[in-house]
There are 2 protein chains.
Amino acid sequence: MTRPRTRIQQKNSETILEAALEVFSTYGFRGATLDQIADVAGLSKPNLLYYFPSKEAMHQALLTRLLDTWLDPLRELDEAGDPVTEILAYVRRKIELSRDYPRESRLFANEILQGAPRMQAAIEGDLKRLVDEKSVILSRWMDQGRIARLPPQHLIFSIWALTQHYADFDSQVRAVLGPGHDPFAEAGDYLDTLFRKLLAP
Amino acid sequence: MTRPRTRIQQKNSETILEAALEVFSTYGFRGATLDQIADVAGLSKPNLLYYFPSKEAMHQALLTRLLDTWLDPLRELDEAGDPVTEILAYVRRKIELSRDYPRESRLFANEILQGAPRMQAAIEGDLKRLVDEKSVILSRWMDQGRIARLPPQHLIFSIWALTQHYADFDSQVRAVLGPGHDPFAEAGDYLDTLFRKLLAP
DNA sequence: GTCTATACGACGATAGAC
DNA sequence: GTCTATCGTCGTATAGAC
């Protein structure tokens, strides 16, 4: 999107996107305000608009960089590997992503909740293509009897739902568990067990 | 919240809440505007504020009525029944709720995503209490060897995550599956299989 | 009960001094 | 590059006629 030249520009753009992520991920696009973002970034509102032409542009910059990060773990799913190992490794990478980048997860969730008005092309394009491609691999593994026969797209949905839940519904998870819990560590173990049992032929 | 006396008031309050649900569930509290709600309701903006003292009050009215509907399926989980049958029935009721009341699901998701600022008391109170209570039942079933030993709270989280995903991420699910699919019907079958395998001792 | 008109603050974005 | 000041619009909410 924006292509800063100098190091100062680089750094300020980063600061702004970091602040924008914080605010957009909590309130969604329309609920977020430039005043809030400026406040979090420690910069003036006009200064924000010196680096990005509009509120929309900041949001777009975040979404663009997000999609790749988000899909990378699935890209790594390797047909040559052992099926169960590969899928469990994918689940583990996804739960780590939820733990380390919860705001990115919530930004994504906000966008999809609203009907993906600013990501529709990416979802119908790159994302669908990748899921289709990996579904073929999963189906082949099922044909070979190496994992249980399940609808491959729904299997992928369930990995997304279960891992992202811990980032997106973090406040609920922590409230229900009470103090003295490490939700992501527990989720890692639980989901490992869950998918082992599910995938057993 | 509001206690309308006449039938006309009843009906208008209903119309407003219906429109408010439509808008709040898509844009979240801050992203929603009274103009939009008035437009959807087919009423004037001041007329909205004749029935509800504020935007906040409309939102609160929706959340209050939502929580009961949302927790009812879990309340029905009966210790006296067969464990697997009871849990699968719960999953089925939850997926039906996602299918029939997707806007309510998204309203809830929006609220939790934002850190549950207007539901914290309910989550730490009623919701946590109910989960704790049902976790005890699940643990007893596990002690008796009637279902697999799993962390009961995370088992409940996984039911929530998997069923609500189909309402909250509906646009993504449909984009990925492409035309000619019935997401909720497929999800019903898939989740039945998933939990049967997971719960087998 | 429902409308038009409007108060008044917050919003995104711009102008222009430095 | 960064600021203060400000524009025009849209936001919630209210006043007051009917």
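Below, chain A is the first sequence line, B the second, and so on; all start at residue 1.
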To the nearest Å, how far apart are [X] [atom1] and [N] [atom2]?
{"X": "Ile16(A)", "N": "dA13(C)", "atom1": "CD1", "atom2": "P", "value": "13 Å"}
{"X": "His59(A)", "N": "dG12(C)", "atom1": "NE2", "atom2": "C1'", "value": "16 Å"}
{"X": "Ile37(A)", "N": "dA13(C)", "atom1": "CD1", "atom2": "P", "value": "10 Å"}
{"X": "Gln60(A)", "N": "dG12(C)", "atom1": "CD", "atom2": "C1'", "value": "18 Å"}
{"X": "Lys11(B)", "N": "dT2(C)", "atom1": "NZ", "atom2": "P", "value": "10 Å"}
{"X": "Gln10(B)", "N": "dG1(C)", "atom1": "CD", "atom2": "P", "value": "12 Å"}
{"X": "Leu48(B)", "N": "dT14(D)", "atom1": "CG", "atom2": "P", "value": "13 Å"}

Are there any protein N/O atoms within less than 3.5 Å of an N/O atom in nucleotides 9-11 of chain C, and if so, which ones and at what distance?
{"residue": "dC11(C)", "atom": "OP2", "partner": "Asp35(A)", "partner atom": "OD2", "Å": "3.3"}

Handout entry: Ring geometry between Phe157(A) and Trp160(A) (parallel below 30°, tilted from 30 to 60°, perpendicular above 60°)
Key = tilted
Problem - Salt-bridge contact Arg103(B)-Glu18(B) (side-chain N to carboxylate O under 4.0 Å) - result: yes
Fill in the blank from the handout: Heavy-atom nearest pair, Ser54(B) first then Leu49(B), reads CA-CD2, 3.9 Å
Within the pair [X] and [N], is there a side-chain N or O less than 4.0 Å away from OP1 or OP2?
{"X": "Asn47(A)", "N": "dG1(D)", "answer": "no"}
{"X": "Ser44(B)", "N": "dG1(C)", "answer": "no"}
{"X": "Tyr50(B)", "N": "dC3(C)", "answer": "no"}

Closest to side chain of [X], choosing from [options]:
{"X": "Gln9(A)", "options": "dT2(C), dG1(D), dG1(C)", "answer": "dG1(D)"}
{"X": "Leu49(A)", "options": "dG1(D), dC3(C), dA13(C)", "answer": "dA13(C)"}
{"X": "Pro46(B)", "options": "dA15(D), dG1(C), dG1(D)", "answer": "dA15(D)"}

Exercise for the section: Is it possible for you to check whether Arg118(B) lies under 6.0 Å from the centre of the six-membered ring of Phe29(B), through NZ or CZ, and within 45° of that ring's axis? Expected result: yes
Exercise for the section: Find out whether the Lys NZ or Arg CZ of Arg99(A) is both under 6.0 angstrom from the six-membered ring centre of Phe184(A) and within 45° of the ring's axis. Expected result: no
Handout entry: Donor on one side chain, acceptor on other, Tyr190(A) and Ser158(B), under 3.5 Å
Key = yes
Handout entry: Exercise: do Ser44(A) and Asn47(A) side chains pair donor with acceptor under 3.5 Å
Key = no
